[in-house]
Structure formats: C-alpha cells, structure tokens
Amino acid sequence: MLQIMINQQLETVADVRADTMLLTYLREQMELTGSKEGCASGDCGACTVVVVELDDQQQLRYRQINACITPLHALHGKQVITVEQLKDLQANQLHPVQQAVVDKHGSQCGFCTPGIIMSLYALSKQRQAPAHPAEYLAGNLCRCTGYGPLIEAANDVAELAGVEYFDPAQPDEAAVKTWQQQCAALQSGVYHRPQTRSELAELRAKYPEAQLIAGGTDLALEITQQLKDIEQLIDVSAVDDLQGISESEQGWRIGAALPLDIFHDFMREHFPSTDELIERLGSLTIRRRGTLGGSLGHASPIGDIAPLLISLGGNIEVDDGKTRQLFAPEDYITGYRQTRLQNKQWISAVHLPRPQPGTQHAIYKVSKRFEDDIATVVLAVRLRVDDAQRVKHCIISAGGIAAKSVRLSELEALLLGQPFNQASIDKLKAAVPLHISPLSDVRGSAGYRVQLVQNLLQRFYLESQQITTRLTDYA
C-alpha cells in the first residue's frame, strides 16, 4: 500500500498507475492547486514542492523537487509540503518566506510564485546557509518580474537557514521521523522498489519489460511530454548496492543511484575542474533527483556525464545480480541512445581512478542558455606533459558531435609525443574537420560545432599556459 504524508495529512493510496505523477495527484485528487503545471518537464519550477525525508543520519532533510516529473510512488514513506501549508491561517499571517518575497516586490502575475516560494522554503530549512542562496532559484523561471527582487529575497531567506524561526508550516518532526522509520515497505503490483541487489535481479527477471527508474528526470518526460503509458516501473533508488561512494587505492566506486547533487559535492572536492559542468546539469531541483545511472542509461549523444567519464578514464559497471562487468564509456554506448545493457542488466556504479600528479583537465559546455539547458557541444581534455613539455598522455572526448559521446582518438594521436605549444595546437585545430562530421540541428549547424571544438581546444591551451605560469611563479 502506498502511503504519503501530504502537508499534515496521511494519505493511503490504492490502485494508482505506476506512471502517475505527484502533480497530477495533488491537483486532481487533493485539490491542492497552488502547484502549477507550466512545462511538464522540470524546466520552469512552477510545480515545485518540498519533500521531507530521512537522511543517512536519520535526521529530516528538506529538498525541493519538481512535482510534474516525480512519480507518486517514489514518495512512499515521505512527507510532501505544498505552498498551501505555509500560511498561518489562524493568525491570517504570511509565512516569513512569503513575506520576504512580498517585501522585495518579487511577484506580479503569480503563476510562478508558488514554486518560487517553495524553493525558498527549502532554502530556509537547510542546516546552514549556503554560499550561493540564489542557486535555490535556478530551477524557477519568472516571465514578469526579472530576478533581481527574487535574488534579494533569497539572500534574506538564507539568514533563516540553521536558526530557529517561527514557521507555521513546521511539521511535528518527531512524529514525522517516527512514521518514516516505521513505514512499511511499498507494496504495489505496478511500481516495485527493491532494497537489495538480489531483489533487483529477481524483479528484472520477473518483469523484463519494466522500465528502470531512479530520479526519473528524463524518463518522466516520456509520460508527460510524449504521453506514453508505462505500466511497470522498477525504482532502483533504494537499492543498497547502488548507493554511496566507496574508496580504494585505485580510486572510487560511485553508486549509480547517487543523486547528482551529492555527486557534485564529491567531484568538487576531488576533481574541481568539473565543478562548472556539474553545476549546469540542470537546476539544483533537478540534481536533487537526477542520478549518474539515469544519465548514462539514456545515452543521449548530447549528455554531459559520458564525455566527463571518458576524459577522466572512468568505467561503467554493469550488473545482472551475478556478474559485474566494466566498460569504458565510449564502448558502453554503442550508438544513438543504444548501449550494451541487456534486459536483465542494470548500471550499478561508476568507477573513477585517482588523478595523477601533473595532469591538467578541463571540460567545457556550450549551450544556448548558460544554466538549465542541453548542450550544443561538450568538450573535455585531460593531458600530461613530461619535463621537456612534450605530451605524454592525452584524452579528448566530446558530446554533441556524433550519434553518441565519443573519444577523439585520432586527435589525441596528433598530440602525443609533440611539444605542447601553439604550433601543435594549430595543427590539431586544422585536423578537426577531417575527423568529426557533426549534424546540423536547432542547437547549431555542423560548421558551428566544428568551430566550437577548435575554439575550445584553443581555450584549453591558453588556460593551461596560465596554470603553468602560475605554478612556475609560485615555485
């Protein structure tokens, strides 16, 4: 039986389709219409709500999510707070977060305002104020006001994080925590939520046609945009083998169901050159639910994760419950949205080796919008030179230039053993049109993509020279 606490009300839901989204249930069954449908794809944020769930320390955490692309079943045993809960009806008083937006004149037509309020509410419930409060608004689009007043409101709301303040929407945390800890496992004939590797293997064998889902930020669009019916879903987000990060002498194993926001924290610490790219993997709201395995499973030719893994020498772990296999990303993806995955298999983890001393790495993303947009081209370069400044190791990878993310081995060969100087880069740029043949589409022409690759290679060289200069000056 599916159980969800919506605001302060415990809902027991029976006989609901696997592909029912939270927003549909809120508006059509609960008549909670403050959450709006703007895009049905997680882009605009008008549907934003806050989910309250237990973290690894058995403490409650508050995170904003897009109700339009979150399956209802995925919220079993969790609490959902909507904008209707915030106002103190007895005192007829706005919530402090709502008042902050009013004080800064941050609302006009009001359509997007409930989602903005809920993103700011999530900000106010963090245990400490984030360094960049406006990041909590990155998933909310506003067509009326401009963002200045909203950013000012976010800065004010951030002062509430980590401190006690009057919150009329504050749940009884002890009661919610007890309920979540005691909530029985989900029982459903259409939506399955295994906890272990063996349970997942059994479900893959029993339901070979079932779709796998973790965050659902991509798969859900087949339901909300393409109007497909998905009768059976296997939710892998709770499988213990797909969680967490384990460390060895060689590097790290990162669970495929790890949310991208947690992955971002790890990468920021160990691979800081990837910070901007991951920050641009959708909004914070999307990264709260999106996962590594989900990105790799859909194998988009303009995905960001595959070129990143190729450039870092990473591997993708594929499992069937009995045997684990490792594939280089360029071998795992076989064609346009095609992979080596068989019906009974799943992506279980990503393996990353430790970075070697003296290695330079950069990854660039060019898109029409800087944030929350699909790439036109992604280019990554990892390079190491010897004492004579000759290239001894090089990986160049890209997305957006072929039917899949690729490793540009022919270009790498032109650099290996050569002096790392402008003359070598000029030869490399001249060879680019000979080795890539991108398509033209709405995001850019083939010629534009070729020029982007050339310009980004030049950018990498210029930036690497600045790094070298700084290191020399420091020494």
Side-chain angles (χ1 to χ4, degrees), residues 212 241-242 245-258 260 263 266-267 270-271 273-274 277-278 281 291-320 322-342 344-356 359-365 375 377-384 391-416 435-436 438 453 457 460:
L212 295 182
D241 186 57
L242 275 63
I245 301 173
S246 57
E247 186 174 3
S248 67
E249 291 184 3
Q250 291 74 35
W252 298 271
R253 179 186 185 273
I254 305 170
L258 190 77
L260 289 172
F263 177 65
F266 167 81
M267 295 297 285
H270 297 284
F271 300 91
S273 58
T274 68
L277 177 87
I278 302 175
L281 282 174
T291 63
L292 283 174
S295 176
L296 295 169
H298 287 278
S300 170
I302 46 178
D304 303 322
I305 294 296
L308 174 62
L309 294 183
I310 295 171
S311 69
L312 295 177
N315 287 300
I316 299 170
E317 180 184 288
V318 172
D319 192 7
D320 63 3
K322 297 179 180 178
T323 304
R324 303 179 195 266
Q325 297 175 276
L326 292 180
F327 296 100
E330 60 268 33
D331 297 329
Y332 159 80
I333 302 174
T334 58
Y336 178 74
R337 293 189 178 272
Q338 296 176 337
T339 73
R340 291 182 178 270
L341 275 183
Q342 303 299 314
K344 295 182 180 181
Q345 293 180 321
W346 61 87
I347 302 170
S348 50
V350 165
H351 293 254
L352 286 179
R354 295 182 183 278
Q356 296 184 359
T359 299
Q360 300 176 43
H361 176 267
I363 183 164
Y364 308 106
K365 175 176 178 175
V377 165
V378 173
L379 185 83
V381 183
R382 182 162 65 104
L383 182 142
R384 191 167 69 253
V391 178
K392 62 184 296 187
H393 174 78
C394 178
I395 294 179
I396 304 174
S397 59
I401 63 169
K404 66 171 192 170
S405 296
V406 293
R407 179 171 178 177
L408 299 173
S409 302
E410 298 89 349
L411 296 183
E412 296 170 8
L414 295 176
L415 274 184
L416 287 173
H435 296 291
I436 70 171
V453 172
L457 290 170
F460 174 80

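Note that the structure is predicted; figures quoted are calculated from it, not measured.
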Student: The criterion is side chain to side chain donor-acceptor pair (under 3.5 Å); which residues satisfy it with Thr274, sequence neighbours excluded?
Tutor: none
Student: Pro438: which residues meet the side-chain contact (heavy atoms from CB on, under 4.5 Å) condition with it, sequence neighbours left out?
Tutor: Ile401, Ile436, Ala446, Arg449, Val450
Student: Which heavy-atom pair separates Ile363 from Leu277 by the least distance, and what is that distance?
Tutor: CD1-CD2, 3.6 Å
Student: Quick one: do Val381 and Ile395 satisfy side chain to side chain contact (heavy atoms under 4.5 Å, CB included)? Show the steps, please.
Tutor: CA-CA 6 Å; Val381 183; Ile395 294 179; over 6 Å; no
Student: Checking Glu317 now: which residues fulfil salt bridge (charged side-chain N to carboxylate O under 4.0 Å, His left out) with it, not counting sequence neighbours?
Tutor: Arg253, Arg324
Student: So do Ser397 and Val406 actually touch side chain to side chain, heavy atoms under 4.5 Å?
Tutor: no
Student: Does Ile333 have any side-chain contact (heavy atoms from CB on, under 4.5 Å) partners at least two apart in sequence or in another chain, and if so, which?
Tutor: Ala299, Ala306, Lys404
Student: First locate atom OG of Ser409, then atom NE2 of His435, and finally report the distance between them rounded to the nearest 0.5 Å.
Tutor: 10.5 Å
Student: Please report the interatomic distance CG(Asp304) to CG(Leu281), rounded to the nearest 0.5 Å.
Tutor: 5.0 Å
Student: Who are the salt bridge (charged side-chain N to carboxylate O under 4.0 Å, His left out) partners of Asp320, not counting sequence neighbours?
Tutor: none
Student: Are Leu292 and Leu260 close enough, and set up right, to give a side chain to side chain contact (heavy atoms under 4.5 Å, CB included), and what steps lead you there?
Tutor: CA-CA 7 Å; Leu292 283 174; Leu260 289 172; 4.1 Å; yes
Student: For residues Thr339 and Gly297, report the shortest heavy-atom separation together with the two atoms involved.
Tutor: CG2-O, 4.2 Å
Student: Grab the two heavy atoms, one from Leu416 and one from Cys394, that are nearest each other, plus how far apart they are.
Tutor: CD2-N, 3.8 Å
Student: Report the C-alpha distance between Ile305 and Ile278 in whole Å, list the side-chain angles of each, state the deciding distance to 0.1 Å, and finish with yes or no for side chain to side chain contact (heavy atoms under 4.5 Å, CB included).
Tutor: CA-CA 9 Å; Ile305 294 296; Ile278 302 175; 5.6 Å; no
Student: Scan for salt bridge (charged side-chain N to carboxylate O under 4.0 Å, His left out) pairs involving residues 329-340, sequence neighbours excluded, and state none if there are none.
Tutor: Glu330-Arg407
Student: Report the distance from atom CG of Asp319 to atom CG of Leu341, rounding to the nearest 0.5 Å.
Tutor: 10.5 Å
Student: Does Leu312 reach the side chain of Met267, with side-chain heavy atoms less than 4.5 Å apart?
Tutor: yes
Student: Among residues at least two apart in sequence or on other chains, which ones pass ring pair (Phe, Tyr, Trp, His ring centres under 6.0 Å) with His270?
Tutor: Trp252, Phe266
Student: To check you understand the geometry: which heavy-atom pair defines the closest contact between Leu242 and Ile347, and what is its length?
Tutor: CD2-O, 3.9 Å
Student: Could you pull out all residues at least two apart from Glu247 that satisfy salt bridge (charged side-chain N to carboxylate O under 4.0 Å, His left out)?
Tutor: Arg354
Student: With sequence neighbours excluded, tell me which residues meet side chain to side chain donor-acceptor pair (under 3.5 Å) with Gln325.
Tutor: Gln345
Student: State which residues pass side chain to side chain donor-acceptor pair (under 3.5 Å) with Gln356; sequence neighbours excluded, sorted by chain then number.
Tutor: Arg384
Student: Just wondering, do Leu383 and Thr359 contact through their side chains at under 4.5 Å, heavy atoms?
Tutor: no
Student: So, taking the atom named OH in Tyr332 and the one named CG in Leu326, what distance separates them when rounded to the nearest 0.5 Å?
Tutor: 13.0 Å
Student: With sequence neighbours excluded, what pairs up with Ala362 under the side-chain contact (heavy atoms from CB on, under 4.5 Å) test?
Tutor: Tyr364, Phe460
Student: Could you tell me which residues satisfy side chain to side chain donor-acceptor pair (under 3.5 Å) with Ser311, sequence neighbours excluded, listed by chain and number?
Tutor: His361
Student: Name the residue from Ile396, Leu379, Val378 that meets the side chain to side chain contact (heavy atoms under 4.5 Å, CB included) definition with Pro307.
Tutor: Val378
Student: Got Leu352 and Phe271 here, is their nearest side-chain heavy-atom distance under 4.5 Å?
Tutor: yes
Student: Side-chain contact, heavy-atom cut-off 4.5 Å: Val350 with Asn315?
Tutor: no
